[in-house]
Amino acid sequence: MRLYNTLTRCEELFTPQRGRQVRMYTCGLTVYAHGHIGNFRTFVCLDVLRRALKYLEGYDVRQVMNYTDVDDRTIVESRKVGLPLREYTDQYISAFQDDVARLGLESVEETPRATDEANLRAMTEMIQALEKNGHTYRSDGSIYFKISTLPQYGLLARLDHDGIKPGARVDSDRYGKEDARDFVLWKATQPGEPTWDFGIGPGRPGWHIECSAMALRLLGGPPIDIHAGGVDLVFPHHENEIAQSEGANSAQFSRFWVHVEHLLMDKGEKMSKSVGNVFTVRDVLEKGHRASALRYVLLSVHYRKQLKFTWDSLAQADEALTRVMDCLARLDTVTRPGAQPEVAKKVETARRGFAEMLAADLNTPGALGVMFELVRAVNAAIDAGEIGTTDVAEVRNAFEYFDRVLGVISVRRTDDSAPPVPVDEIERLLGERKAARSRRDFAEADRIRDELVERGIALEDSAGGTRWKRK
RNA sequence: GGCGCCGUCGCCAAGUGGUAAGGCAGAGGUCUGCAAAACCUCCAUCCCCGGUUCAAAUCCGGGCGGCGCCUCCA
């Protein structure tokens with residue numbers, strides 16, 4: 001598959017370095033609060049990347065996604081509520097896992113926490129290697145990375161080495177840095193802050209070191225195949241990760257860098273606490289939207305373009321998905337045995353088109369378009385009676401094939417597995433309505449239908465009987 | 001100030017040199033007790049101005065507009 005690599009600013013043909021296994025690291029959440037839908041745009045897109053590599057390309061994927069469970073924010077927030085750091089972050093890890101499940105993300109192979117001892121030890125070792133290689137200095141008990149010691153610093157972000165021009169925000173003297181662009185590897189213990197000491201003095205990790213250390217520890221050393229995250233991580237986070245890893249190992253850190261663009265709120269602004277436009281997954285669900293609609297919206301724009309999120313887009317996505325679900329349900333009405341060559345051809349074309357779209361730098365909107373072309377073709381074939389039960393099986397297979405990567409249909413099924421009216425009650429009311437209709441008591445039949453609609457259940461009559469679905 | 005992205009139908013969105021996918025919404029028709037669903041038909045020449053080319057939404061230059069990054073950030 002072709003993937004855009006931030007490192008080269010080009011689309012490149014991706015193949016793993018070691019056999020059939022793709023070793024991928026994705027920057028996860030800082031667990032000081034609930035993840036918002038912008039965070040989840042990144043996670044959902046990377047979930048699709050993972051699935052495409054597995055199910056379309058046939059690779060074995062080993063993915064690591066971290067939890068940053070120690071940083072300024074986690075420390076500050078845990079203090080505010082008077083909980084130990086670990087206990088505080090536990091809550092948000094658990095909440096994150098709930099959201100992940102609702103949005104149908106596949107579980108990844110490893111989800112390390114920065115404060116796990118094995119990881120802190122790995123960070124310590126990396127910092128020791130950096131010290132040995134002359135890339136660091138100490139100041140007031142903290143250890144810094146000296147970027148002037150690494151010629152390739154700035155390659156990923158395409159930084160001008162002469163650096164920071166007027167207008168840039170520079171936080172120059174918070175700690176004793178020699179150069180504003182140097183960054184901290186290990187922060188000296190502050191009063192009342194959590195602290196660890198595995199051989200480089202008491203303190204806590206800087207933000208960037210955890211990812212370098214955990215990626216290499218859990219993915220078997222450099223270079224890893226893919227490192228991914230949101231665009232805002234390009235600089236400084238990923239640039240600094242490269243510096244740490246390459247300064248310690250003298251080997252390329254990651255072959256591919258994949259960055260997902262931002263989700264912007266309706267007026268085109270980034271979500272931020274100060275503007276008050278931060279929405280979490282649970283906020284969206286509490287407004288009555290389906291998780292599947294959110295997943296669909298997040299995939300409806302190419303991952304390298306900014307996505308302007310609107311509440312209306314959720315409604316549009318929900319309608320679109322309904323169309324797919326209706327088509328799938330209609331397949332049940334086919335009774336004619338055998339196969340029609342035209343259908344098989346359409347299915348084959350769709351499968352091929354779908355795979356081609358995703359192989360072209362993960363073109364999810366294009367892939368959705370291919371899926372809908374098949375929906376139309378199948379609907380037309382059903383209406384014309386030119387489809388047999390053998391075809392139906394193949395059509396179903398095709399949609400399963402699409403959904404193994406997109407994951408929207410399965411999430412929709414989960415969304416609708418608990419309808420707002422108990423299934424046995426629906427069945428009972430349908431029975432009553434059928435009786436009313438057969439005695440041509442349409443007033444009563446309509447009353448029952450209206451009642452169900454009122455309660456969130458839509459009915460569809462057809463020659464074969466009445467079908468119900470969640471609205 | 002530096003680096004970069006984007007501007008395609010009412011809304012969302014693919015397409016990056018060969019004459020505009022798809023979804024939502026809308027109009028007309030078929031079907032239906034009515035409705036819903038479905039099907040058929042209709043609905044854009046791609047922000048503006050130049051240029052290159054047999055051919056440009058796609059390449060180049062210049063505008064106008066929107067956004068991101070430049071150490072909190074998915």
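Values below: all heavy atoms of this structure, side chains included; hydrogens, waters and symmetry mates excluded. Just so it is clear: chains get the letters A, B, ... in the order the sequence lines come, proteins before strands, and each one is counted from 1.
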**Q.** Distance, P atom - from B:C5 to B:U45, rounded to whole angstrom
**A.** 29 Å
Q. How far does the C1' atom of B:G68 sit from the matching atom of B:U58, given to the nearest Å?
A. 24 Å
Q. Taking any strand in view, what nucleotide pairs with B:U30 in a Watson-Crick or G-U wobble way, both distances under 3.5 Å?
A. B:A38
Q. To the nearest angstrom, how far is A:Leu233 atom CG from B:G4 atom C1'?
A. 16 Å
Q) What orientation do A:Trp257 and A:His259 show, parallel under 30°, tilted 30 to 60°, or perpendicular over 60°? A) parallel
Q) Side chains of A:Glu210 and A:Asn66: do they bring a donor and an acceptor to under 3.5 Å? A) yes
Q: Heavy atoms under 4.0 Å is the rule here; annotate nucleotides 10-17 of chain B 5' to 3' with B where the base is hit, S where only the sugar-phosphate is, and - elsewhere.
A: -BSSSS--
Q. Which value, in whole Å, describes the distance between the P atoms of nucleotides B:A44 and B:G10?
A. 10 Å
Q: Look through every strand shown and name the nucleotide pairing with B:C54 as Watson-Crick or G-U wobble, where both distances are under 3.5 Å.
A: B:G18
Q) How does protein reach along nucleotides 29-38 of chain B, written 5' to 3' as B (base within reach of a heavy atom under 4.0 Å), S (only sugar-phosphate), or - (no contact)? A) ----BBBBSS
(Q) Rounded to whole Å, please give me the gap between CG in A:Leu358 and C1' in B:A21. (A) 15 Å
Q: Can you tell me, in whole Å, how much space there is between the C1' of B:A14 and that of B:C46?
A: 13 Å
Q) For atom P, what is the distance between B:A35 and B:A27, given to the nearest Å? A) 14 Å
Q: Say whether A:Thr322 and A:Arg412, considering side chains only, have a donor N or O and an acceptor N or O under 3.5 Å apart.
A: yes
Q: Could you give the distance separating B:G29 and B:C48 at their C1' atoms, to the nearest angstrom?
A: 41 Å
**Q.** Euclidean distance for C1', B:G33 against B:G26 (whole angstrom)
**A.** 27 Å
Q: Is it possible for you to check whether A:Arg73 lies under 6.0 Å from the centre of the six-membered ring of A:Tyr32, through NZ or CZ, and within 45° of that ring's axis?
A: yes
**Q.** Single hit among A:Glu239, A:His208, A:Met123 for side chain to side chain contact (heavy atoms under 4.5 Å, CB included) with A:Gln244
**A.** A:His208
Q. Looking for any heavy atom pair under 4.0 Å, which part of the strands does A:Gly229 touch: base, sugar-phosphate only, or nothing?
A. sugar-phosphate
Q | Gap between atoms NZ and C1', on A:Lys270 and B:G66 respectively (whole Å) | A | 16 Å
**Q.** Residue matched to B:G4 through Watson-Crick or wobble contacts both under 3.5 angstrom
**A.** B:C67
Q.
In this structure, how many angstroms lie between the C1' atom of B:C5 and the CG atom of A:Asp232, rounded?
A. 15 Å
Q. Using purine N1 to pyrimidine N3 plus N6-O4 or O6-N4 for Watson-Crick, or N1-O2 and O6-N3 for G-U wobble, both under 3.5 Å, which nucleotide pairs with B:C43?
A. none
Q) A:Asn39 or A:Arg304: which one's nearest nucleotide on RNA chain B is closer to the 5' end? A) A:Arg304
Q. Across all strands, who's sitting opposite B:G61 as a Watson-Crick or G-U wobble pair, both distances under 3.5 Å?
A. B:C49
Q. Within 45° of the axis and under 6.0 Å from the centre of the six-membered ring of A:Phe442, does NZ or CZ of A:Arg437 qualify?
A. no
Q. Looking at the side chain of A:His262, which of B:C72, B:C24, B:G68 is the nearest nucleotide?
A. B:G68
Q) Contact class for A:Gly369 vs. all strands (heavy atom < 4.0 Å): base, sugar-phosphate, or nothing? A) base
Q: Nearest whole angstrom, please: distance from the C1' of B:C6 to the NE2 of A:His259.
A: 19 Å
**Q.** Integer-rounded Å distance: B:C72 C1' and A:Phe235 CZ
**A.** 14 Å
Q: Measure the acute angle between the ring planes of A:Phe96 and A:Phe43, then classify it against the limits of 30° and 60° as parallel, tilted or perpendicular.
A: perpendicular
**Q.** Separation of atom CG in A:Asn240 from atom P in B:C73, rounded to whole Å
**A.** 10 Å
Solution key, residues 371-389 of chain A side-chain donor-acceptor pairs under 3.5 Å, sequence neighbours excluded:
unit_1   : atom_1 : unit_2   : atom_2 : d
A:Asn379 : OD1    : A:Arg330 : NH1    : 2.9
A:Asn379 : ND2    : A:Val375 : O      : 3.4
A:Asp383 : OD1    : A:Arg330 : NH2    : 2.4

Q: Would you check if the side chain of A:Arg295 reaches a backbone N or O of A:Leu406 as a donor-acceptor pair within less than 3.5 Å?
A: yes
Q | Complementary nucleotide of B:G10, counting Watson-Crick and G-U pairs under 3.5 Å | A | B:C24
Q. Under 4.0 angstrom, heavy atoms only, what part of the nucleic acid is A:Leu264 near: base, sugar-phosphate, or nothing?
A. sugar-phosphate
Q: Let me know which of A:Ile224, A:Leu219, A:Asp225 forms a side chain to side chain contact (heavy atoms under 4.5 Å, CB included) with A:Ser254.
A: A:Ile224
(Q) Using the P atom as the point on both nucleotides, what is the distance between B:C42 and B:C3, in whole Å? (A) 49 Å
Q: Give a yes-or-no answer on whether the side chains of A:Tyr137 and A:Asp182 include a donor-acceptor pair shorter than 3.5 Å.
A: yes
Q.
What is the distance, to the nearest angstrom, from the CZ atom on A:Phe372 to the P atom on B:C24?
A. 6 Å
**Q.** Residue whose closest nucleotide on RNA chain B lies nearer the 5' end, A:Ala157 versus A:Glu269
**A.** A:Ala157
Q. Hey, are A:Tyr153 and A:Asn240 close enough side-chain-wise for a donor-acceptor pair under 3.5 Å?
A. yes
